[in-house]
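Notes follow once the structure below has been shown.
Position 1 is the first residue of the sequence; numbering continues from there. Only this structure's heavy atoms are used, side chains among them; waters, hydrogens and symmetry mates stay out.
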Amino acid sequence: MKKLKTIIFLPLILCAMLACAFTFDRTSTLTDLTHPYINTYECTSARLGDEDLLEKYEYFTITFLDERTLEVSFKKQGGNRHAYTCEYTVDEKTQELTAELGIFGFKFRQSAIIENGKFTLCMPVLGKPLIMVFEVQ
């Protein structure tokens, strides 16, 4: 009888111990758990050559709308908001983001690694290096 009780209660005790070892945020959604990169990223640094673009722009943001679509938005100081959407892919193993976006008649294709809620875009624009750092805010 003792063996039978042990056989029944041992798995229950192990399950209870394992359940206590993991904690879940009750406000988390399925998207948070399966696609943690889906969020809004704000540009914290933007340089075109020696020029600081954040002095001329109120903001640059990239918002992942769902598993395939993102929105790039920006607003020049005293100007109107501009927003563009495009499709993107993320390699789940490497966390490499790849997107192609058309702005003002130009197509830009970029890849970046998302690490710790942050990624950096680097590309030449008009012969100058454009470097933008985006972080979850």
In Å and rounded to the nearest 0.5 Å, what is the [atom1] to [atom2] distance from [X] to [Y]?
X	Y	atom1	atom2	answer
T120	K118	OG1	NZ	6.5 Å
R47	C122	CZ	SG	13.0 Å
T61	L70	OG1	CG	10.5 Å
C43	I62	SG	CD1	8.0 Å
I113	Q95	CD1	CD	8.5 Å
R68	C86	CZ	SG	12.5 Å

Practice prompt. Under the side-chain contact (heavy atoms from CB on, under 4.5 Å) rule, what do N80 and K75 come out as? Steps first, then yes or no, please.
Written response: CA-CA 6 Å; N80 294 328; K75 183 177 179 187; over 6 Å; no

Worksheet item: How are the rings of Y57 and F74 set to each other: parallel, tilted or perpendicular (split at 30° and 60°)?
Response: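 Perpendicular, since the angle between the ring planes exceeds 60°.
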
Discussion item. Which label fits Y41 and F64: parallel for a plane angle under 30°, tilted from 30 to 60°, or perpendicular past 60°?
Written reply: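 The arrangement is perpendicular - the two ring planes meet at more than 60°.
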
Worksheet item: Under 4.5 Å between any side-chain heavy atoms of L53 and L130, yes or no?
Response: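 Contact flag for L53/L130 side chains = yes.
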
Practice prompt. Decide yes or no for T98 and Q110: does some side-chain heavy atom of the first lie under 4.5 Å from some side-chain heavy atom of the second?
Written response: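 The answer is no, as the side chains (C-beta and beyond) never meet within the 4.5 Å cut-off.
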
Should [X] and [Y] be regarded as members of a common hydrophobic cluster, given that ILVMFWY residues are connected when their side-chain heavy atoms come within less than 4.5 Å of each other, either directly or indirectly?
X	Y	value
I38	V72	yes
I114	M123	yes
V136	L54	yes
F134	Y59	no
F119	Y84	yes

Worksheet entry | D66 atom CG, neighbour heavy-atom count above 12 within 6.0 Å |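 Atom CG in D66 is packed in, count exceeds 12.
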
Discussion item. More than 12 heavy atoms of other residues, nucleotides or ligands under 6.0 Å from CD of E115: yes or no?
Written reply: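 Counting other residues, nucleotides and ligands, CD of E115 stays at 12 neighbours or fewer.
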
Discussion item. Between E51 and K56 (salt bridge meaning N to carboxylate O under 4.0 Å), is one present in this structure?
Written reply: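 Salt bridge present between E51 and K56.
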
Item to complete: Search all heavy atoms of S73 against all heavy atoms of R81 and return the closest pair with its distance.
Response: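 Smallest interatomic distance, heavy atoms only, reads CB-NH2, 3.4 Å.
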
Worksheet item: Of all heavy-atom pairs between Q77 and E55, which one has the smallest distance, and what is that distance?
Response: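 Heavy atoms of Q77 and E55 come nearest at CG-O, 3.8 Å.
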
